[in-house]
Amino acid sequence: MAIADDLKKTLTDPTPLYFAAGTADLAVQQAKKVPELIEQLRAEAPARIEAVKNTDPKAVQDAVTAKVAEVFGAIDPKKIGETAQDLALRGVGVAAEYAVRAKETYDKVAEHGEQAVRAWRGEVSEEIVDIAVVVEPRPEPKAETEPAAEAAADEQPAAKKPAARRSTAKKAAVTADDAS
């Protein structure tokens, strides 16, 4: 039954769909920047092409040769095995770090997608609804009071107000718990 439960959970999880929606929304945001980048490249291209045309190939070749000689001169044949092992261990650590970063990024994009879907639908964020329930509790229906009860309430207004506030706060907490 574990396989069936895993399959059911996988098929009912909306996170991949939110990830796709978030990716699409971010792609649209980035696509809006493309015309500016094209204009910037169009303005800078002639100067860059001129710089490449005016570069001496012999100077570039000399610089590359010097850099290659520097790199090969720094290699010690005795330490190659140690260096390979060290690089392999570093690679494992880096791969684990990238896996964690990928999961965090996936979650952020999925959250962005969920918010984008809500915005597309015109829905209000859950957090805003939760805050509104706590801040503005549902009004209580007022019962008709007799004039004698009103006179007693006018004589002791300080005692009545804190009791009303406490009950409102309790009801707001209960309402917030019910909404969860």
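Position 1 is the first residue of the sequence; numbering continues from there.
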Check ion pair Asp107-Lys103 (N to O, under 4.0 angstrom): yes

Taking 4.0 angstrom as the limit, do Lys108 and Glu104 come out as a salt bridge? no

Distance-only donor-acceptor pairs under 3.5 Å for side chains of residues 81-94, two or more places apart:
| residue | atom | partner | partner atom | Å |
| --- | --- | --- | --- | --- |
| Thr83 | OG1 | Lys79 | O | 2.6 |
| Asp86 | OD2 | Arg90 | NE | 3.2 |
| Asp86 | OD2 | Arg90 | NH2 | 3.1 |

[atom1] of [X] to [atom2] of [Y]: how many Å apart, nearest 0.5 Å?
X: Glu111; Y: Gln115; atom1: CD; atom2: CD; answer: 6.5 Å
X: Asn54; Y: Ile49; atom1: CG; atom2: CD1; answer: 12.0 Å
X: Asp62; Y: Lys67; atom1: CG; atom2: NZ; answer: 15.0 Å

Determine all donor-acceptor pairs shorter than 3.5 Å in which one atom belongs to a side chain in residues 23-30; sequence neighbours excluded.
| residue | atom | partner | partner atom | Å |
| --- | --- | --- | --- | --- |
| Thr23 | OG1 | Phe19 | O | 2.8 |
| Asp25 | OD2 | Gln29 | NE2 | 3.3 |
| Asp25 | OD2 | His112 | NE2 | 2.6 |

Name every donor-acceptor pair, under 3.5 Å, that has one atom in a side chain of residues 35-45 and the other anywhere in the protein, sequence neighbours excluded.
| residue | atom | partner | partner atom | Å |
| --- | --- | --- | --- | --- |
| Glu39 | OE2 | Arg42 | NH1 | 3.1 |
| Gln40 | NE2 | Glu44 | OE2 | 3.2 |
| Glu44 | OE1 | Arg48 | NH2 | 3.3 |

Residue pair Tyr18, Val109: steps toward the side chain to side chain contact (heavy atoms under 4.5 Å, CB included) verdict: CA-CA 8 Å; Tyr18 287 140; Val109 172; over 6 Å; no

